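One structure is given here, and the rest of the page talks about it.
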2 protein chains.
Amino acid sequence: MSTVSADGGRPPTLEQVARYAGVSRSTVSRVINAVPTVAPEIRETVERAIAATGYVPNLAARSLVTRRTDSVAIVISEPDRTSGTPFLNRMFTDPYVGRVTAGAQEVLLPQNIHLVVIPVDPPARHLVLRYLRQGHVDGVLLVSSHIDDPMPGLLDDLDIPTVLSARPGPPVRASYVDVDQRAGAHLAVEHLVGRGRRRLATICGPLDMTAGQERLAGFRAALLGYGQPDPPVVEADFTRAGGEAAARRLLATHADVDGLFVANDLMAEGAVRVLRELGRRVPDDVAVVGFDDSSAAAEAHPALTTIRQPVEEMAAEMARLLLARIRDPRRLSRAILFHPTLVIRAST
Amino acid sequence: MSTVSADGGRPPTLEQVARYAGVSRSTVSRVINAVPTVAPEIRETVERAIAATGYVPNLAARSLVTRRTDSVAIVISEPDRTSGTPFLNRMFTDPYVGRVTAGAQEVLLPQNIHLVVIPVDPPARHLVLRYLRQGHVDGVLLVSSHIDDPMPGLLDDLDIPTVLSARPGPPVRASYVDVDQRAGAHLAVEHLVGRGRRRLATICGPLDMTAGQERLAGFRAALLGYGQPDPPVVEADFTRAGGEAAARRLLATHADVDGLFVANDLMAEGAVRVLRELGRRVPDDVAVVGFDDSSAAAEAHPALTTIRQPVEEMAAEMARLLLARIRDPRRLSRAILFHPTLVIRAST
DNA sequence: ATGAAAGCGCTAACAT
DNA sequence: ATGTTAGCGCTTTCAT
């Protein structure tokens, strides 16, 4: 044991920094964790030692004692039996996920909390659960939109702090943030009627998603007030191609539609494409309202009138709820609903 | 200390499972890590104890000693000064990222390695680096496409096993996997010429990306062989809107183009839209070849002929290289190039 | 304000 | 085949 310095191939430890600075481990630890009770000069010496040795705290050692990792996961989930395109492909093509991530970062970054994105490919679900149980993260933001998605329930059992991006199918203990879907559909109907449209129809989303169900329910409820009790309804899958097919089906049976509420922008874009292909002018012959105000809406031709959900703000709120829950596990869970707004563009 | 059982609010430890099963910690550890030298009956007892106590290994404690986490990150990076749309939005709209993730999962899942996705919002870059340095993951798959992206160099300094998704600007020690971009451009040109086109042009990608540079270089090189030494070139930004604008600029100055090589599918889709808007039939008047064979290509109208890169297979190879490097840090790094193929659809 | 010492939960020699 | 023991690198009382 002639010497203990010299790079052993392993990263430097607290101990080594302490020796280098001529102080105790505790003092270095205090400096690193910004504990105020350290003499300014000593603090400086230690900081120099840290820089000189290139010291980086070892996460495993730290979180073994603190029981925190200062990172949270955003888990993107879908149940098994979904449609054609591979899940990962769809997940990364849906602008919604990016907006949620951005909104959450807004809150987490200033707090120095790391955010990792975890897609749940259904066959790998158990792996994801194991990852979360092992304590890689302090909490979970769960993006799940299918009524029969088992993930909300599974996470509930895991007893890890969780916040959901929408009302789950069966109720769970976790908090959730959602947009008032029905209010959004109301806005769309009022606007179409205000534009003088009297023969409305909808391309609704999958009825096994809460968003699909509620936007349709809102549409129907709103139309009741305008004396069109049984409007044409065509279901599609929230994709552009689905929207195209749905529009064809709709026009085949209801050629006289003059106002169309489409449950998301992607489908609306597809529907508009078909409408024009079949000789309808948009908005002159058919006015179209989408939902989401995703980037697709502004880029479409013509640009889409749509219902904006404040996705980023909602995600930020999710992050705040999660942090509060992590810091105080006994905090009561709650549901928070945001109001959607109408964004008028060229399609109405 | 009347008793040591009873749930203390904290998750059960190895120690508790051992006591419950009436064996030593080591034996439980052996069972968990599937060490063969455990008597079948004892193994069973222990497994029952694990189930009964609901034991889950504590990751921090384990990786403190093993120095592994059994998880890797896929880091999506872009340099600061990029265009309009927020980075996260773009990242999650680009189908490429989803395909890379899917391809990597293919290799990692069977090995029980967790994959987390980490977007690098440039202002948060230091946070990401810290995350990686702290040892949350054993290695990094870095998706970076800008020539001046500092991430490859920064990761190199971090001394963490890394594999890149493309040739980096300045060389680094890490391995990388790429497609033979120039060969792809050649395929496109040969095909267009084979279709009888003689007045070719290109909408190239950003010249600050290797993919943009090399696809253009390949296009020019191929055309030399067909006696069109100085073809029209318009640069755009790999987005649909960029493709539209580029097509307008191109036609304004070169109305007689009859064959168009577009450096990615998204731009090609935009270009086709404009071509038709300006009265050109595709492919009759202008044949169009895209690049990537992304989902956009098949969905476009008309469906796009394109150059397919085997993205999933490339990503799988990245994962294999990374695992090999993690398991043997002295392993030599290497570059692996994949051959692109021509996918013929309706646009040519 | 600083240091000493205990211990977080686990794996991996080593001993038996 | 199983048990004993010594750390892994850090935070956190508790003394001083």
Side-chain angles (χ1 to χ4, degrees), chain A residues 1 4-5 7-47 49-50 53-70 130 133-136 138, chain B residues 1 4-5 7-47 49-50 53-70 130 133-136 138:
Chain A
M1 50 142 68
V4 203
S5 62
D7 196 59
R10 291 234 271 236
T13 69
L14 248 201
E15 175 75 43
Q16 287 164 26
V17 176
R19 208 144 42 204
Y20 187 101
V23 299
S24 74
R25 281 212 304 273
S26 326
T27 301
V28 179
S29 175
R30 287 183 187 110
V31 169
I32 286 177
N33 294 295
V35 175
T37 65
V38 177
E41 22 170 301
I42 300 229
R43 154 162 282 118
E44 266 217 359
T45 317
V46 171
E47 267 157 4
I50 291 175
T53 51
Y55 172 74
V56 180
N58 177 311
L59 171 82
R62 165 180 284 171
S63 71
L64 180 54
V65 27
T66 62
R67 301 174 178 285
R68 289 184 305 96
T69 62
D70 288 334
R130 196 171 75 194
R133 294 214 302 174
Q134 281 183 336
H136 279 99
D138 299 333
Chain B
M1 49 144 67
V4 203
S5 64
D7 195 59
R10 292 235 269 236
T13 69
L14 248 202
E15 176 74 44
Q16 288 164 25
V17 177
R19 208 146 38 202
Y20 186 102
V23 298
S24 75
R25 281 211 306 274
S26 327
T27 301
V28 180
S29 176
R30 287 185 186 106
V31 170
I32 287 178
N33 295 294
V35 175
T37 66
V38 177
E41 22 168 301
I42 300 230
R43 155 163 282 119
E44 267 217 359
T45 317
V46 171
E47 268 157 3
I50 292 175
T53 52
Y55 172 74
V56 180
N58 177 311
L59 170 83
R62 166 183 282 169
S63 73
L64 179 55
V65 28
T66 60
R67 300 177 176 285
R68 288 184 305 95
T69 62
D70 288 333
R130 196 171 73 194
R133 295 214 301 175
Q134 282 183 335
H136 279 97
D138 299 333

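Chain identifiers are assigned alphabetically (A, B, ...) following the order of the sequence lines, protein sequences preceding nucleic acid strands; residue numbering begins at 1 within each chain. All of these numbers come straight from a predicted model, not from anything done at the bench. Every heavy atom of this structure was used, including side-chain atoms; hydrogens, water molecules and symmetry mates were not.
In this structure, the salt bridge (Lys or Arg N to Asp or Glu O under 4.0 Å) partners of A/Arg25, at least two apart in sequence or on a different chain, are A/Glu15. Not counting sequence neighbours, the partners of A/Asp70 by the salt bridge (Lys or Arg N to Asp or Glu O under 4.0 Å) test are A/Arg68.
To the nearest angstrom, C1' of D/dG7 lies 14 Å from CG of A/Asn58. D/dT12 atom P lies 12 Å from atom CZ of A/Arg67, rounded to whole Å. The distance between atom CD of A/Gln16 and atom C1' of D/dC10, rounded to the nearest whole Å, is 13 Å. C/dC8 atom P lies 19 Å from atom CG of A/Leu59, rounded to whole Å.
The two residues B/Ala61 and A/Leu64 have their closest heavy-atom pair at CB-CD1, 3.6 Å. The nearest pair of heavy atoms linking A/Thr45 to A/Ala21 is CG2-O, 3.9 Å.
Looking only at distances, no side-chain donor or acceptor of B/Thr27 sits under 3.5 Å from a matching main-chain atom of B/Val23. Side-chain atoms of A/Ser63 come within 3.5 Å of backbone N or O of A/Leu59 as a donor-acceptor pair.
Each of A/Glu15 and B/Val23 lies near DNA chain D, and the nucleotide nearest B/Val23 is the one positioned closer to the 5' end.
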Considering only distance and modelled atom types, tabulate donor-acceptor pairs under 3.5 Å from the side chains of residues 30-41 of chain B, sequence neighbours left out.
| unit_1 | atom_1 | unit_2 | atom_2 | d |
| --- | --- | --- | --- | --- |
| B/Asn33 | OD1 | B/Arg62 | NH2 | 3.4 |
| B/Asn33 | ND2 | B/Ser29 | O | 2.9 |
| B/Asn33 | ND2 | B/Ser29 | OG | 3.4 |

Walk along nucleotides 11-16 of chain C from 5' to 3' and tag each nucleotide B, S or - by protein heavy-atom contact under 4.0 Å, base first, then sugar-phosphate. BBB---
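Two residues are said to be in side-chain contact when any heavy atoms from C-beta on lie closer than 4.5 Å; A/Asn58 and A/Thr13 fail this criterion. Side-chain contact between B/Tyr20 and B/Ile50 is absent, with no heavy-atom pair separated by less than 4.5 Å.
Residues from residues 34-44 of chain B that place a heavy atom under 4.0 Å from any atom of DNA chain C: there are none.
Put simply, CZ on A/Arg133 and CZ on A/Arg130 are 9.5 Å apart, with the number rounded to the nearest 0.5 Å. In this structure, the separation between CG on B/Asp138 and OG1 on B/Thr69 is 3.5 Å, given to the nearest 0.5 Å.
OP1 or OP2 of D/dG3 has at least one side-chain nitrogen or oxygen of B/Ser24 nearer than 4.0 Å.
The bend of the helix from C/dA1-D/dT16 to C/dT16-D/dA1, defined by the angle between the axes of its first five and last five pairs, stands at 30° to the nearest 10°.
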